[in-house]
There are 2 protein chains.
Amino acid sequence: MARRSSAETKATILAAARERFAAEGYDRATIRAIAADAAIDPSMVMRYFGNKEGLFTAAADFDLRLPDVAALPRDQVGTTLARHFLLRWEEDEGMMVLLRTAVTSEVAVERMRQIMAEQLAPVVRRLVPDPEEAALRMGLVITQILGMALCRYVLRLPPVAALTHDQIVTWLGPTLQRYLTA
Amino acid sequence: MARRSSAETKATILAAARERFAAEGYDRATIRAIAADAAIDPSMVMRYFGNKEGLFTAAADFDLRLPDVAALPRDQVGTTLARHFLLRWEEDEGMMVLLRTAVTSEVAVERMRQIMAEQLAPVVRRLVPDPEEAALRMGLVITQILGMALCRYVLRLPPVAALTHDQIVTWLGPTLQRYLTA
DNA sequence: AGTGTAGGCCAACGTCTGTTGACTTTCGGA
DNA sequence: TCCGAAAGTCAACAGACGTTGGCCTACACT
């Protein structure tokens, strides 16, 4: 049996962890199950990631890859942002990991605040110079974005899951536009 | 030691369960902890509610108490709904129970779908007669409402938690108005 | 060929969980 | 006064979990 390299195994475990955390949340995603998915012994997970929290931290790391919306025509900010987040949710499991786990784990909430502050806040601040108002605007935007993600990908509420990409962009775009520029 | 009646004990357990489920979610809210809060033996919980799922079902039962928005002036639907949900979130722990647990438990999701269908759908359908369009409108509304509740009460994101009631009504009202009537 | 080391496995630990059944205590009605 | 049902306690079960330490084994380098 060919033996895997350290880096390969680590990547395999991480991929399995991301899937499990995204699908089941922190508590129900057991190390034993993740190890089984990766076709490895549970003790290897500990070797590479220290403990469960370490594994989670590695699995919940991601980049929003936000475009510089301040460079766009001002009236396209809302729809552009809506479309961007929609694609991002569907291609990066890390975002789902964080949303699912943040509800039960204080560590995950802290990580979410951090990502907001580091990745979303600077972009918003380029649109809204006043810091206090920028915080307000960002807060409103995040409620609508996370609300859509929650209902569509986590809860899978039928009327929301049935929406097409174009419908979502058409309806959420103006909302985000108003929250940011009105 | 004065002995409690069956109904009293059951109510005490239920109150403790609601608090624990709302604060910690389904998995972390243990029967032992709930029983301790109610100053009772864990086995009594089983006696009164059968099993953990039965206890949860009882704790997650609640009424949205939606007003008949179709009777209002049409342009006040959005703000009225925003204000109503805001108050409802803050006075009924049952809603928090369901939101927190729905993220990890399929049973809770099913219950949430049911409440939407039974309590929210009829109200929306009085505003939007066409059933297919009513489903679309309701879906949009629920994303914004749950998104706000998630960010404010569960994740406690600072910019969202800092909002006043009036700010929320002022900003979310027009959004809901557009989702329902535009 | 020999050997050190990195990758991997196995068995077990202590703890916590939901759940069960048998036992004890209280109290209201015949 | 007695007695049976109701309210409550106690101890234990079986399973799952995160985590640990010891042991094996294949491979690269001398």
Side-chain angles (χ1 to χ4, degrees), chain A residues 1-60 97 100-101 103-108 111, chain B residues 1-60 97 100-101 103-108 111:
Chain A
M1 187 75 168
R3 179 173 288 211
R4 289 182 288 195
S5 78
S6 168
E8 272 174 338
T9 303
K10 199 169 175 181
T12 306
I13 294 172
L14 202 58
R18 254 195 266 269
E19 250 178 81
R20 286 277 177 181
F21 279 132
E24 305 175 0
Y26 189 85
D27 288 325
R28 305 217 200 207
T30 71
I31 290 204
R32 284 173 150 91
I34 292 167
D37 290 350
I40 212 81
D41 191 86
S43 63
M44 294 305 289
V45 178
M46 312 302 292
R47 180 115 87 203
Y48 287 126
F49 295 94
N51 55 25
K52 189 174 182 178
E53 198 174 309
L55 176 62
F56 165 75
T57 303
V97 170
R100 258 232 164 76
T101 54
V103 173
T104 43
S105 158
E106 196 57 34
V107 186
R111 183 92 191 86
Chain B
M1 184 74 167
R3 178 171 290 211
R4 291 181 288 197
S5 76
S6 169
E8 273 174 337
T9 304
K10 200 169 174 180
T12 307
I13 294 174
L14 203 56
R18 254 195 266 269
E19 250 179 81
R20 285 277 177 181
F21 279 134
E24 306 176 357
Y26 188 87
D27 288 323
R28 307 221 206 215
T30 71
I31 290 202
R32 285 174 151 90
I34 292 167
D37 290 350
I40 213 81
D41 191 86
S43 64
M44 295 303 291
V45 178
M46 313 302 293
R47 180 118 83 203
Y48 287 126
F49 296 95
N51 55 26
K52 188 173 182 179
E53 197 174 311
L55 176 61
F56 165 75
T57 302
V97 170
R100 257 232 164 74
T101 53
V103 173
T104 43
S105 157
E106 195 58 34
V107 187
R111 184 92 190 85

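To find a chain, count down the sequence lines: A is the first, B the second, and so on, and within it residues start at 1.
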Query raised in the report: Does C/dG8 have OP1 or OP2 sitting under 4.0 Å from an N or O in the side chain of A/Y48?
Result: yes
Between protein and nucleic acid, restricted to nucleotides 19-22 of chain C and to nitrogen or oxygen atoms under 3.5 Å apart, what atom pairs and distances do you find?
| from | atom 1 | to | atom 2 | distance (Å) |
| --- | --- | --- | --- | --- |
| C/dT19 | OP2 | B/K52 | N | 2.8 |

Query raised in the report: Do B/K10 and B/F49 touch side chain to side chain, with heavy atoms closer than 4.5 Å?
Result: yes
Report summary line: Whole-Å distance, A/L55 CG to D/dT19 P, equals 10 Å
**Report entry** For B/R28, all residues meeting salt bridge (charged side-chain N to carboxylate O under 4.0 Å, His left out), sequence neighbours excluded
**Finding:** A/D27
Query raised in the report: Are A/V103 and B/T104 close enough, and set up right, to give a side chain to side chain contact (heavy atoms under 4.5 Å, CB included), and what steps lead you there?
Result: CA-CA 9 Å; A/V103 173; B/T104 43; over 6 Å; no
Requested in this report: Please name all residues satisfying side chain to side chain contact (heavy atoms under 4.5 Å, CB included) with A/A108, sequence neighbours left out, ordered by chain then number.
Outcome: A/F56, A/L98, A/T101, A/A102, A/S105
Query raised in the report: Can you list every side-chain hydrogen bond (donor to acceptor under 3.5 Å, both in side chains) pair that touches residues 44-55 of chain A, not counting sequence neighbours?
Result: none
Query - Positions of residues 5-14 of chain A (non-hydrogen atom under 4.0 Å from DNA chain C), listed by number - result: A/S6, A/T9
Query raised in the report: Under a 4.5 Å cut-off applied to non-hydrogen side-chain atoms, are A/L55 and A/V45 in contact?
Result: yes
Query raised in the report: Just how far, in rounded Å, is C1' of C/dC16 from CZ of B/R28?
Result: 13 Å
Report task. Rounded to the nearest angstrom, tell me the gap between atom CZ in A/R20 and atom P in D/dC17. Result -> 10 Å
Requested in this report: Using a 4.5 Å cut-off on heavy atoms from C-beta on, say whether the side chain of A/I34 contacts that of A/T30.
Outcome: no
**Report entry** Pairs where residues 33-45 of chain B contributes a residue and the test side-chain hydrogen bond (donor to acceptor under 3.5 Å, both in side chains) is met, not counting sequence neighbours
**Finding:** B/R20-B/D37, B/D41-B/S43
Query raised in the report: When you check the phosphate oxygens OP1 and OP2 of D/dA7, does a side-chain N or O of B/R4 lie under 4.0 Å from one of them?
Result: no
**Report entry** Upstream residue (5' side of DNA chain D) when A/T30 and B/A39 are each assigned their closest nucleotide
**Finding:** B/A39
